[in-house]
Amino acid sequence: MTKKVEVSSQETLGASQTKVLEWIEGNREEVTQFLQELIRVPSVTPWFKPKAEDSREKEVQEVIGARMEGLGAEVKRWEPSAEALAEYEGRPGYYADHTFEGRPNQAATLKGSGGGRSLMLTGHIDVVPAASGWTVDPFGGELRDGRIYGRGAVDMKGGVAAMVMALEAVVKSGVKLKGDVIVGTVVDEEAGGMGTLDLVAQGYRADACILTEPTNLKVAPLCRGILWGKLVIEGRSGHIELPQGDWRDGGAVDAIGLARVYMDHIDRKNEDWRRSKTHEYMPLPCQINVAQVNAGEYPTAFANRAELVFNAQYLPREKDEMGLGSKVKREIEEFVAAVAATEPWLVEHPPVIEWMIDADCGETPVEDEFVQTGIQEIRKLGHEPVIEGVSAHTDIGWFQTLGIPTFIIGPGDPRKAHQDNEFVEKDDLIELTKMIALIITKWCGVD
Ligand SMILES: [Zn+2]
């Protein structure tokens with residue numbers, strides 16, 4: 001379950017931190033308008049086959065790049081290449097068939113004066129398509145009753161806007177940082193995370209990292225890995241209204257009945273996992289969730305085949321040496337085989353799992369100095385920080401694998417992500433901007 005963290009020393013704001021917060025307070029509209037500007041450039045991942053005018057990832061990067069150049073940052077923009085990343089085959093985020101024409105990644109580095117620790121601020125600028133249920137313009141960036149509406153408001157242009165504006169607040173209030181800050185904005189997260197793989201493959205590193213996916217402003221130093229699999233169960237069709245007799249004598253075998261056997265066993269497996277696969281900072285235990293049941297062909301025949309499409313989650317401690325979920329895959333395969341051993345038909349016709357997705361995860365210990373710094377700085381704003389892992393996949397795994405302490409914090413309710421009428425509260429956006437600004441000055445140091 002989620003925990004509140006006791007912080008031993010309640011520090012007070014430094015002089016430069018006070019200036020930075022004042023700048024943000026005096027420029028609330030500016031921060032809001034920057035998010036609106038990002039929302040108004042649609043950047044739907046091409047994976048979902050949007051119209052070309054809804055898929056302008058490059059333009060979002062240009063908007064962010066121009067802003068960062070205005071702050072004195074050095075901006076690099078390049079198109080990732082699956083071919084160039086081929087050595088990462090079998091590692092998280094690698095997809096041989098993803099293409100990046102007109103879809104650049106970007107890293108904007110604001111050099112510090114030296115002697116301070118560096119910080120990476122990162123997020124994805126691609127979004128999922130707007131479904132048909134919107135009652136406001138999904139790419140209008142409308143501000144109404146303190147809420148900013150639009151596709152990506154929560155997931156995650158809100159977080160991206162906050163990180164850029166936090167840095168702008170530092171620079172424009174005349175505070176000089178010692179350490180470097182890199183704003184890394186990537187494409188392709190909504191289709192698997194190859195953008196982040198590419199960012200780290202280009203050699204971008206820092207002493208710590210914040211990813212601003214939405215967390216309702218909770219501090220999330222971990223996320224879960226996600227497996228998608230399809231369990232394919234073979235049966236034998238036959239007239240559903242007639243006597244069938246034993247399958248050994250040619251009788252039908254109902255694949256739907258076998259699927260039901262599996263679903264009962266999955267329920268029992270989940271009872272196990274409810275106890276064994278928990279984490280003190282995760283709101284949910286890992287489970288095998290059946291998401292789709294596909295079976296049968298027409299009303300007068302037993303089903304020839306049944307498919308159970310499932311989503312199973314894994315914890316950072318269950319990752320294999322490649323950073324992925326092969327151990328949990330094996331565990332599920334053994335479970336499927338053990339169930340098959342109890343049914344003679346299944347012994348001769350063993351079900352198979354087709355694995356579809358393995359999205360990685362990671363964890364930085366809460367005791368880590370950077371996480372503790374984040375907690376202390378957030379406290380200065382009068383918030384009691386809540387530590388809670390993200391139970392879905394995010395892109396933090398690569399940073400943590402490279403030994404970079406990382407946590408996620410972002411504005412807005414994560415359940416609003418991918419929903420119609422997605423919105424973020426303006427107040428949350430401003431709060432996150434302040435939090436990040438304080439963390440930047442504390443972590444990187446000021447002259
Ligand atoms: Zn996201």
Side-chain angles (χ1 to χ4, degrees), residues 35 38-39 41-48 50 54-57 60-61 64 80 92-93 95 98 103 105-106 120-131 138-139 148-164 183-200 209-226 228 283 311 313 357 359-362 388-400 406-425 428-429 432 436:
L35 172 55
L38 295 183
I39 290 172
V41 184
S43 50
V44 177
T45 295
W47 188 251
F48 297 102
D54 286 343
S55 192
R56 289 144 53 194
E57 289 163 295
V60 180
Q61 300 286 39
I64 296 166
Y95 299 91
H98 285 208
R103 312 179 58 211
N105 263 350
Q106 181 167 288
M120 165 92 74
L121 302 170
T122 188
H124 65 87
I125 54 88
D126 59 323
V127 298
V128 294
F139 300 113
I148 304 143
Y149 286 86
R151 177 52 88 221
V154 164
D155 185 14
M156 58 168 286
K157 288 177 173 174
V160 169
M163 67 171 81
V164 173
V183 171
T185 42
V186 303
V187 296
D188 208 47
E189 192 274 345
E190 296 291 2
M194 198 151 171
T196 291
L197 165 63
D198 173 68
L199 182 70
V200 300
C209 174
I210 296 176
L211 172 69
T212 55
E213 288 272 14
T215 62
N216 254 334
L217 300 181
K218 292 173 184 169
V219 174
L222 72 158
C223 72
R224 296 198 296 187
I226 302 296
W228 295 0
N311 177 313
Q313 310 85 38
I357 288 276
D360 68 319
C361 57
E388 185 181 288
V390 172
S391 47
H393 160 84
T394 71
D395 274 351
I396 57 175
W398 264 113
F399 301 105
Q400 290 163 326
T406 302
F407 64 83
I408 312 162
I409 185 167
D413 183 345
R415 290 174 306 177
K416 287 263 167 285
H418 303 202
Q419 275 192 2
D420 295 342
N421 295 340
E422 179 180 347
F423 68 84
V424 69
E425 302 279 352
D428 282 3
L429 176 71
L432 181 70
I436 295 176

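All heavy atoms count here, side chains included; hydrogens, waters and symmetry mates do not. As the structure is a computational prediction, the values presented were derived from the model and not from experiment. Atoms within a ligand are numbered from 1 in the order they appear, just like the ligands themselves.
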Indicate whether any N or O donor in one side chain lies under 3.5 Å from an N or O acceptor in the other, for Asn421 and Gln419. no

Counterpart residues, ring pair (Phe, Tyr, Trp, His ring centres under 6.0 Å), relative to Trp228 (two or more places apart): none

Pairing donors with acceptors under 3.5 angstrom, does anything connect the side chains of His98 and Asp188? yes

Salt bridge (Lys or Arg N to Asp or Glu O under 4.0 Å) partners for Asp155, two or more places apart: none

Near the Zn ion (ligand 1) (protein N/O/S, cut-off 2.8 Å, waters excluded) we have His124 NE2, Asp155 OD1, Glu213 OE1, Glu213 OE2

What residues form a salt bridge (Lys or Arg N to Asp or Glu O under 4.0 Å) with Asp420, not counting sequence neighbours? none

With distance as the sole test, does Gln106 use its side chain to make a donor-acceptor pair with the main-chain N or O of Thr185 at under 3.5 Å? no

